[in-house]
Engineer: 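First the structure, which I've put down as structure tokens, then a few questions once you've had a look.
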Amino acid sequence: MGEALRQAMEAPRSVAVLGATGSIGCNTLDLIRRNRSAYVVEALTANRNVNLLIAQALEFKPKLAVIGDEAQYGALKEALAGSGIEAAAGPAAVSDAAARPAQWVMAAIVGAAGLQPTLTALRRGAVVALANKECLVCAGGLMMREVERHGAVLLPVDSEHNAIFQVFDFERPERVERIILTASGGPFRTWSRQEMAQVSPAQAVAHPNWEMGAKISVDSATMFNKGLELIEAYHLFPVRPEQIEVLVHPQSVVHSLVAYVDGSVLAQMGTPDMRTPIAYTLGWPDRVPAPAARLNLAHIGTLEFTAPDHERFPALSLARHALAEGGSAPTVLNAANEVAVAGFLARKIGFLHIAEIVQTTLETLPARSLASLDDVMAADHEARHQADEIMRELEP
Ligand code: NAD
Ligand code: MG
């Protein structure tokens, strides 16, 4: 039994939650709250929502609470004075939180901003529950090498990857024919391009099945989320890109599937509640209870499946192309998408411009090889700058 595994089975489990105030962070703390004595909270971090971080710190009594936004440090420090909880601020302090000796770390920061702290946790051989898919997309090769080198354990939280992780035969990967990621299709699954051209941020963020942060909700609406997940799956599982398929499934009950050489197809199912995949990682290698509504297939009655429409949703093809291209192409795709989604949420551009900006950024910047974290950061930075320029030209 590996060291990480042995530690993982010791109780109570010490945990850190990076991105504690977000949708995944709050769901994680909800599970911890339900079995408080099983966990010791080492550290909690947030970016701007200092009031929620303060409330969480006072409830969960971490040793350290970190706010990314330095302007909020005073408020955090004052509220935690006399509590015995250390307060800190700034991006470096977020990574310090990841360096604390928690056995289990929830990586739930949104975007490439989560890369540095996630790497910090991996480099000390922690069990890392990964929600933050953008860091695998922008630096997957590098991250997986660090997992290997430091004997860390990376457990996917993303519901599709968590599903595949549960049914993938890691001992006989050559017996896997393909993996099938399901996609809800988002709020505009049946809409025309013309209709999509007019949508507001509020419409894009209103996901039919899942309650999530704004960025991933927009990604679900454009289907960039599935594009990012395609690249995420490539790094997490020993499969070739052409073995990864996408299937639209509006009910979000079948969370993903693994097809074997004998024709067997194994799926993991459940109601759409992130507390189930989070609980899988929190309890791993055991299983712990989660309060999600129980799946009642008789009540649901019908499950639908359709092939994705690449004409209306170009994001999937762009991601597949970036994955085939390799090197910095996925880093560029992710960075350009982050810039474009922020621009859309700020009402600077229209919904369809998001994929246009990503495509033009990819076309403008030739893919380079990525040998180091500095290379990743440089490619990310350059792509953000380029995407910003392209966006400026589109602004009304
Ligand atoms: P969210 O926006 O609700 O929360 C993001 C969290 O990260 C917040 O705590 C925020 O304070 C923190 N944060 C944001 N920017 C930061 C920065 N620059 N530095 C430090 N901290 C920062 O997002 P979410 O929906 O919880 O998603 C988090 C991650 O999990 C994303 O990568 C998303 O793709 C992934 N994910 C989410 C869901 C879901 O159901 N919400 C499902 C699968 C995967
Ligand atoms: Mg997902």
Side-chain angles (χ1 to χ4, degrees), residues 16-30 43-53 56 65-70 72 76 88-98 106-118 120 128-138 155-165 181-186 205 207 209-220 223-233 236 246 249 252 254-256 268 270 272-278 280-281 292 334 337-338 341-342 345 380 384:
V17 183
L18 312 176
T21 55
S23 160
I24 294 288
C26 289
N27 276 320
T28 304
L29 290 176
D30 179 71
L44 298 177
T45 81
N47 197 34
R48 290 213 180 86
N49 192 346
V50 75
N51 290 329
L52 182 53
L53 179 66
Q56 292 176 336
V66 178
I67 187 83
D69 179 6
E70 269 145 321
Q72 317 260 22
L76 181 66
V94 174
S95 283
D96 290 346
M106 168 53 79
I109 290 172
V110 58
L115 176 58
Q116 200 62 260
T118 305
T120 301
V128 175
L130 185 78
N132 185 191
K133 67 191 87 185
E134 292 91 348
C135 54
L136 262 188
V137 175
C138 91
L155 301 172
V157 170
D158 215 347
S159 57
E160 298 76 3
H161 307 72
N162 188 271
I164 292 168
F165 191 86
L181 299 171
T182 52
S184 70
V205 166
H207 195 277
N209 305 342
W210 302 94
E211 289 263 351
M212 310 183 287
K215 197 264 175 178
I216 183 176
S217 298
V218 175
D219 285 345
S220 297
M223 289 197 76
F224 264 112
N225 184 48
K226 216 48 56 179
L228 301 178
E229 290 185 359
L230 182 85
I231 299 171
E232 182 186 14
L236 287 171
V246 172
H249 166 45
S252 301
V254 176
H255 295 311
S256 277
Q268 185 263 358
D273 185 326
M274 286 307 294
R275 290 175 299 182
T276 294
I278 295 169
Y280 181 86
T281 68
N334 178 66
N337 182 54
E338 285 192 34
V341 170
L345 287 171
D380 175 89
R384 278 170 205 272

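What's counted below: heavy atoms across the whole structure, side chains too, no hydrogens, waters or symmetry copies. Note that ligands are numbered from 1 as they come in the structure, with each ligand's atoms numbered from 1 the same way.
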Engineer: List ligand 1 atoms under 4.0 Å from Ala20, heavy atoms only on the residue side.
Structural biologist: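 Close to Ala20: 9 (O).
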Engineer: With side chains defined as the heavy atoms from C-beta onward, is the minimum distance between Gln116 and Val94 less than 4.5 Å?
Structural biologist: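 They are not in side-chain contact.
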Engineer: Would you mind running through ligand 1 and noting each atom that sits below 4.0 Å from a heavy atom of Ala46?
Structural biologist: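 That gives atoms 11 (O) of ligand 1.
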Engineer: Would you check the N or O atoms of Ser159, main chain and side chain alike, for any that come under 3.5 Å of an N or O of ligand 1?
Structural biologist: no
Engineer: What do you reckon, does Lys215 put a non-hydrogen atom under 4.0 Å from ligand 1?
Structural biologist: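 Contact check Lys215 vs ligand 1: negative.
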Engineer: Closest heavy-atom contact between Ala214 and Val205?
Structural biologist: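 Scanning both residues completely, I find the closest heavy atoms to be O-CG2, 4.1 Å.
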Engineer: Take Ile216 and Val110, measure what side chain to side chain contact (heavy atoms under 4.5 Å, CB included) needs, and give me the verdict at the end.
Structural biologist: CA-CA 8 Å; Ile216 183 176; Val110 58; over 6 Å; no
Engineer: Would you tell me which option among Gln56, His207, His161, Met212 has the nearest heavy-atom contact to atom 39 (C) of ligand 1?
Structural biologist: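 Comparing heavy atoms across Gln56, His207, His161, Met212, the nearest one to atom 39 (C) of ligand 1 lies in Met212.
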Engineer: For ligand 1, is there an N or O atom under 3.5 Å from any N or O atom of Ala113?
Structural biologist: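 No, there is no polar N/O contact under 3.5 Å.
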Engineer: Among all protein heavy atoms, pick the one closest to atom 35 (C) of ligand 1 and tell me residue, atom and distance.
Structural biologist: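 The protein heavy atom lying closest is Ala131 O, 3.1 Å.
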Engineer: So, for Leu52 and Cys26, which heavy atoms are closest and what is the spacing to 0.1 Å?
Structural biologist: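 Distance-wise, the nearest heavy atoms are CD2-SG, 4.0 Å.
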Engineer: So, is Glu134 polar-close to ligand 1, with some N/O to N/O distance under 3.5 Å?
Structural biologist: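 For ligand 1, there is an N or O atom that lies under 3.5 Å from one belonging to Glu134.
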Engineer: Checking side-chain contact (heavy atoms from CB on, under 4.5 Å) between Lys133 and each of Asn334, Ile231, Asp158, which is the one that passes?
Structural biologist: Asp158
Engineer: May I ask you to identify the nearest protein heavy atom to atom 41 (N) of ligand 1, giving residue, atom name and distance to one decimal place in Å?
Structural biologist: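 Here the closest protein heavy atom is Ser23 OG, 3.2 Å.
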Engineer: Find out whether Asn27 and Ser23 are in side-chain contact, i.e. whether some heavy atom of one side chain is under 4.5 Å from a heavy atom of the other.
Structural biologist: yes
Engineer: Could you pull out the atom name of the N/O/S atom in Asp158 that is nearest the Mg ion (ligand 2)?
Structural biologist: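 That would be atom OD1.
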Engineer: What is the nearest protein non-hydrogen atom to atom 6 (C) of ligand 1, stated with its residue, atom name and distance?
Structural biologist: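 Ranked first by proximity to atom 6 (C) of ligand 1 is Ala108 O, 3.5 Å.
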Engineer: Are any non-hydrogen side-chain atoms of Thr182 and Glu229 less than 4.5 angstrom apart?
Structural biologist: no
Engineer: Round to 10° and report the angle made at the Mg ion (ligand 2) by OE1 of Glu160 and OE2 of Glu229.
Structural biologist: 100°
Engineer: Can you find a side-chain donor-acceptor pair between Asn49 and Thr21 that sits under 3.5 Å?
Structural biologist: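 There is no such pair (donor and acceptor under 3.5 Å, judged by atom type) between the side chains of Asn49 and Thr21.
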Engineer: Counting both backbone and side chain atoms, is some N or O of Arg48 under 3.5 Å from an N or O of ligand 1?
Structural biologist: no
Engineer: Under a heavy-atom criterion of less than 4.0 Å, does Asn132 contact ligand 1?
Structural biologist: yes
Engineer: Could you find the nearest protein heavy atom to atom 34 (O) of ligand 1 and give me its residue, atom name and distance?
Structural biologist: Lys133 CE, 3.2 Å
Engineer: Determine whether Met212 and Ile24 make a side-chain contact, defined as any pair of heavy atoms from C-beta on separated by less than 4.5 Å.
Structural biologist: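 In short, these two side chains do not touch, never coming nearer than 4.5 Å.
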Engineer: Which heavy atom of the protein is the closest neighbour of atom 43 (C) of ligand 1, given with residue, atom name and distance?
Structural biologist: Asp158 OD1, 3.1 Å
Engineer: Going by the closest heavy atom to atom 26 (O) of ligand 1, which one wins out of Ile24, Thr45, Leu18?
Structural biologist: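 Going through Ile24, Thr45, Leu18 one by one, Ile24 has the nearest heavy atom to atom 26 (O) of ligand 1.
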Engineer: Just jot down the ligand 1 atoms closer than 4.0 angstrom to any heavy atom of Ile216, in number order.
Structural biologist: 25 (O), 33 (C), 34 (O), 36 (N), 37 (C), 38 (C), 42 (C), 43 (C), 44 (C)
Engineer: Please list the nearest protein heavy atom to atom 29 (C) of ligand 1 with its residue and the distance rounded to 0.1 Å.
Structural biologist: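 Minimum-distance protein heavy atom for atom 29 (C) of ligand 1 reads Ile109 O, 3.7 Å.
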Engineer: Taking all non-hydrogen atoms of both residues, which atom of Trp210 and which atom of Asp273 are closest, and how far apart?
Structural biologist: CZ3-N, 3.4 Å
Engineer: Tell me the protein heavy atom at minimum distance from atom 16 (C) of ligand 1, and give that distance in Å.
Structural biologist: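 The closest heavy atom on the protein side is Asn47 CG, 3.4 Å.
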Engineer: Tell me the protein heavy atom at minimum distance from atom 25 (O) of ligand 1, and give that distance in Å.
Structural biologist: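 Ranked first by proximity to atom 25 (O) of ligand 1 is Gly213 N, 2.8 Å.
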Engineer: Heavy atom of Gly68 under 4.0 Å from ligand 1?
Structural biologist: no
Engineer: Counting heavy atoms only, name the option from Gly22, Ser220, Gly114 that's nearest to atom 1 (P) of ligand 1.
Structural biologist: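 Ranked by closest heavy atom to atom 1 (P) of ligand 1, first place is Gly22.
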Engineer: Which pair of non-hydrogen atoms, one from Gly25 and one from Val17, has the smallest distance, and what is that distance?
Structural biologist: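 That closest heavy-atom pairing would be CA-CG1, 4.0 Å.
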Engineer: To the nearest 0.5 Å, how far apart are NE2 in His255 and NE2 in His249?
Structural biologist: 7.5 Å
Engineer: CG of Leu155 to CD1 of Ile278: how many Å apart, nearest 0.5 Å?
Structural biologist: 12.5 Å
Engineer: A side-chain contact here means heavy atoms from C-beta on lying under 4.5 Å apart; do Glu160 and Lys226 qualify?
Structural biologist: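 Answer yes - side chains close enough.
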Engineer: Of Thr21, Ile278, Val110, which has the heavy atom at the shortest distance from atom 8 (C) of ligand 1?
Structural biologist: Thr21
